[in-house]
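All figures in this text were calculated on a predicted structure; none of them were measured in a lab.
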Amino acid sequence: MKRKVVSLMLAAVMAAMTVTGCGASSSKSEGGDKDVIRVGVRDTSEAIDLCKDAIKEAGYEIEVTVFDDSIQPNVALAEGSIDINWYQHEPYMTAYNEENGTDFVMVEPKTAAPLFAMYSDKWDKVSELPDGATIGLCNDSSNQARGLRMLEAQGLIKLDASVETPTYLDIKENPHNFEFIQTDMQILPQSLADVDAICLAAAHMVNAGLDATDYVCASSDAEVYAVGWVVTAENKDAEWASGLAKAVQCDALADYYATEKNGTMVPMWK
């Protein structure tokens, strides 16, 4: 398992206190017997590093593990090597539960709604996509379905309405004879030169050093796919879990989304 461990040993404040501009107050003592909350994130610890003061003021001590892909944070959660992870949206979590028999639950409040869009280095408008164009899709079920629904909303394809989470195999009408490839969304930006367009969460364009604001079209369902904190069912009511979710709703994270993420993540608390 490829992963980097970044330990943020934040001094616990035992009494509940109000966090100025950074979420609701909470206390570690309210969260049960966890002395250190083990958190899993994906790709980088930048976002949670920026929240460390807010987390400290809320009374929590955390240890962060950074994973290199989208699967291992959930594997680690199921195995119990971490207590909570922070990187996925609810449809992805639900699909993972169905495919792997896990019982993960998303904690409220959610953090931010990601922009999802179509990108191309060959075409500027949907109407310019040629017949037979090759379109790259995410290989996980929830994000592939999201991309396909975006294409359907643009009038490019028609999906089987009876399928809740459609794949490219559920395309009923493909009048432009598009061809589809699928791969991990973190790899999709590398495919731009080889395909006509790709459909993915805009944050992965930023991670690849590309302009996430220069998209062909965007989906209108960002709030449905808001990223949040995920725990196993036994911890769904744990106050330490909701406390972390509230603590990161701070100005430092909002500024990070606006600048470093180029506005591709919209804070749910703003």
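- Between Q144 and C138 the shortest heavy-atom distance is NE2-O, 2.8 Å.
- Of the N and O atoms on the side chains of S219 and D221, at least one donor lies less than 3.5 Å from an acceptor on the other residue.
- The closest side-chain heavy-atom distance from V195 to E179 is not below 4.5 Å.
- Aromatic ring pairs are classed by plane angle as parallel below 30°, tilted from 30° to 60° and perpendicular above 60°; the pair Y119 and Y215 is perpendicular.
- Atoms CD and OG, on E99 and S142 in that order, are 8.5 Å from each other to the nearest 0.5 Å.
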Using distance only, find each side-chain donor-acceptor pair of residues 202-214 under 3.5 Å and give its atom names and separation, not counting sequence neighbours.
from	atom 1	to	atom 2	distance (Å)
N207	OD1	K261	NZ	2.9
N207	ND2	A203	O	3.4
D211	OD1	T213	N	2.9
D211	OD1	T213	OG1	2.6
D211	OD2	T213	OG1	3.4

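- At distances below 3.5 Å, not a single donor-acceptor pair connects side-chain atoms of T102 with backbone N or O atoms of F104.
- Between the side chain of N235 and the backbone N or O of A238, no donor-acceptor pair lies under 3.5 Å.
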Exercise for the section: Verify side-chain contact (heavy atoms from CB on, under 4.5 Å) between Y87 and V66, making sure each step is shown before the conclusion. Expected result: CA-CA 10 Å; Y87 76 101; V66 182; over 6 Å; no
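- Contact of the V230 side chain with the V107 side chain is not registered, since no non-hydrogen atoms from C-beta on lie closer than 4.5 Å.
- By the neighbour-count criterion of 12 heavy atoms within 6.0 Å, atom CD of E223 is sparsely surrounded, having that number or fewer from other residues, nucleotides or ligands.
- Summarising the local packing, OH of Y92 is surrounded by more than 12 heavy atoms from other residues, nucleotides or ligands at distances under 6.0 Å.
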Exercise for the section: Walk me through it: do T111 and Q249 pass the test side-chain hydrogen bond (donor to acceptor under 3.5 Å, both in side chains)? Expected result: CA-CA 7 Å; T111 308; Q249 292 191 335; 6.0 Å; no
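- Inter-residue side-chain proximity for I198 and L192 is flagged as met; some heavy-atom pair is nearer than 4.5 Å.
- Residues C199 and M150 are in side-chain contact: their nearest non-hydrogen atoms beyond the backbone lie under 4.5 Å apart.
- Look at R38 and D83 and you find a salt bridge, because one of the NZ, NE, NH1 or NH2 atoms lies within 4.0 Å of a carboxylate O, short of that distance.
- No hydrogens or angles considered: nothing links the side chains of D255 and T259 as a donor-acceptor pair under 3.5 Å.
- Note on V75: it clusters hydrophobically with I82, by side-chain heavy-atom contacts below 4.5 Å among ILVMFWY residues.
- The aromatic rings of W86 and W229 lie parallel to each other, their planes meeting at an angle below 30°, with 60° marking the opposite boundary.
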Exercise for the section: Apply side-chain hydrogen bond (donor to acceptor under 3.5 Å, both in side chains) to the pair N262 and T264, showing each step before the final yes or no. Expected result: CA-CA 6 Å; N262 295 340; T264 60; over 6 Å; no
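- No side-chain heavy atom of T167 sits less than 4.5 Å from a side-chain heavy atom of S141.
- Aromatic ring orientation, F178 versus F180: perpendicular (interplanar angle above 60°, classes split at 30° and 60°).
- Nearest heavy atoms, L188 versus T183: CD2-CG2, 3.5 Å.
- Between I171 and L159 the shortest side-chain heavy-atom distance falls below 4.5 Å.
- Here the closest heavy-atom approach between residue L156 and residue H176 is recorded as O-CD2, 3.8 Å.
- A donor-acceptor pair under 3.5 Å is absent between the side-chain atoms of S191 and the main chain of D194, judged by distance alone.
- Side-chain contact of T232 with D103: a donor-acceptor pair under 3.5 Å is absent, judged by distance alone.
- Between Y256 and D251, the closest side-chain pair of non-hydrogen atoms is not below 4.5 Å.
- Once rounded to the nearest 0.5 Å, the distance linking CD1 of I62 with CD1 of I84 reads 10.0 Å.
- The structure places CG of L148 at 15.0 Å from NZ of K158, a figure rounded to the nearest 0.5 Å.
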Practice task
Please report the C-alpha distance between Y225 and E90 in whole Å, then the side-chain angles of each, then the deciding distance to 0.1 Å, and finally whether the side-chain hydrogen bond (donor to acceptor under 3.5 Å, both in side chains) criterion is met.
Solution key: CA-CA 6 Å; Y225 290 85; E90 198 160 15; over 6 Å; no
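- The structure places OG of S70 at 10.5 Å from CG of N85, a figure rounded to the nearest 0.5 Å.
- Note: the hydrophobic cluster containing F116 does not contain I187 (ILVMFWY, side chain heavy atoms under 4.5 Å, direct or indirect links).
- Across V216 and V126, no two heavy atoms sit closer than the pair CG1-N, 3.5 Å.
- Side-chain contact check for R146 versus R149: every heavy-atom pair is 4.5 Å or farther apart.
- L50 and M268 fall into different hydrophobic clusters, where Ile, Leu, Val, Met, Phe, Trp and Tyr side chains are chained together by heavy-atom contacts under 4.5 Å.
- Distance check: M265 CE to E260 CD gives 14.0 Å after rounding to the nearest 0.5 Å.
- Connection of I55 to V41 is established within a shared hydrophobic cluster, with ILVMFWY side chains joined at heavy-atom distances below 4.5 Å, either directly or through further cluster members.
- Here the CG-CG distance, from L169 to D160, works out to 11.5 Å after rounding to the nearest 0.5 Å.
- There is a side-chain donor-acceptor pair under 3.5 Å between Q88 and N74.
- Placement of M118 and I157 within a single hydrophobic cluster is found when ILVMFWY residues are connected by side-chain heavy-atom separations under 4.5 Å, directly or transitively.
- The two atoms that bring K110 and E108 nearest to each other are N-OE1, 3.6 Å, heavy atoms only.
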